[in-house]
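One-based numbering, in listed order, for ligands and for the atoms of each.
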Amino acid sequence: MITDVLARDTTVQRLEAPEHPVPEAASSALAAYPADLSGDYYVTVLKKLAKTRSVKRYLEVGVNKGNCFSQIACERAIGVDPAFELKENVTNGKKDVRLFQMPSDAFFEEVDVRAALGGPVDLAFLDGLHQFEYLLRDFYNTERLCAPNSLIAMHDCLPVSETMMSRSISDTMRLSKGTRHEGWWTGDVWKVIAILRKFRPDLRIVCLDAAPTGLVFVSNLDPANTALSRDYCRIVDEFASVPNTLQAVSEVYETQPILPTSAILNGFDHSLYFRA
Ligand SMILES: C[S@@+](CC[C@H](N)C(=O)[O-])C[C@H]1O[C@@H](n2cnc3c(N)ncnc32)[C@H](O)[C@@H]1O
């Protein structure tokens, strides 16, 4: 697995024929996929975006130390994590902050988020458990709480090596030791992009090269749409058998542009990218 970082270096590819040659068309997608993401840091992007859009109500799934949560300026914020490790001042100017120490599935079942926030979620950041079926549930549970012009951001959907893509964090820790990406874990949440494109073509999806592992924004939300929850088991069965490889990732992004973070940070008209 560690060698796949090297395999993307064209010099290495010329010198060493792969054991299982990849068909030419497929390998061109991989060659075009970025080896590193050089856009703004994901927290910077979310912080600026929250400010530009005058976000009032914020939801974060997977808060950890509060690095991102603390940076979001808003009136009311709600966060969920089964194991908080807070190191930052998560209140930081907010009027009302609520934290729920539980897994997100229980949170969405038990907590009346709209009531707690006093209205629909304006911006959500989904960064909880890094397995695609968890992110899929976090996505449709969050969409129900949004307005059509709210934004859902998802982290880690643009992995840049296979070592970080393992479904098990302990495998990633072992495999990434001594590599450039030691300890980076994205899991296989990238599959959610492919799922949304297939089962929810009505959504607007914007993928950004935010360092280190991308940010994906989804807008044109439909809180009443049940396509994902209704067919959840079938979708998960189908996508569990999709190979969790950089080749498969690169094929998704072959037809889904990866925009520079500057496209939405530098005073551009947001209605070009998101539902206004
Ligand atoms: C990468 S960290 C989040 C980092 C944070 N969003 C930031 O940018 O500063 C992922 C977090 O997801 C949490 N997590 C794990 N399983 C979860 C679940 N089922 N529901 C919600 N959060 C979960 C972990 O405890 C961990 O703190």
**Prompt:** Hey, mind stepping through Ser168 and Ser166 against side chain to side chain donor-acceptor pair (under 3.5 Å) and telling me if it holds?
**Reply:** CA-CA 5 Å; Ser168 139; Ser166 168; 4.5 Å; no
**Prompt:** More than 12 heavy atoms of other residues, nucleotides or ligands under 6.0 Å from OH of Tyr134: is that the case?
**Reply:** no
**Item:** Within one Ile-Leu-Val-Met-Phe-Trp-Tyr cluster: Val160 and Leu30, side-chain cutoff 4.5 Å
**Value:** yes
**Prompt:** So, for Phe125 and Phe69, is the gap between ring centers shorter than 6.0 Å?
**Reply:** no
**Item:** Between Asp40 and Thr261: side-chain donor-acceptor atoms closer than 3.5 Å
**Value:** yes
**Prompt:** Name the residues in contact with ligand 1, where contact means a heavy atom under 4.0 Å away: which are they?
**Reply:** Tyr42, Glu60, Val61, Gly62, Val63, Asn64, Asn67, Cys68, Asp81, Pro82, Pro103, Ser104, Phe125, Asp127, Gly128, Leu129
**Request:** Could I get the full list of salt bridge (charged side-chain N to carboxylate O under 4.0 Å, His left out) partners for Asp222, not counting sequence neighbours?
**Result:** none
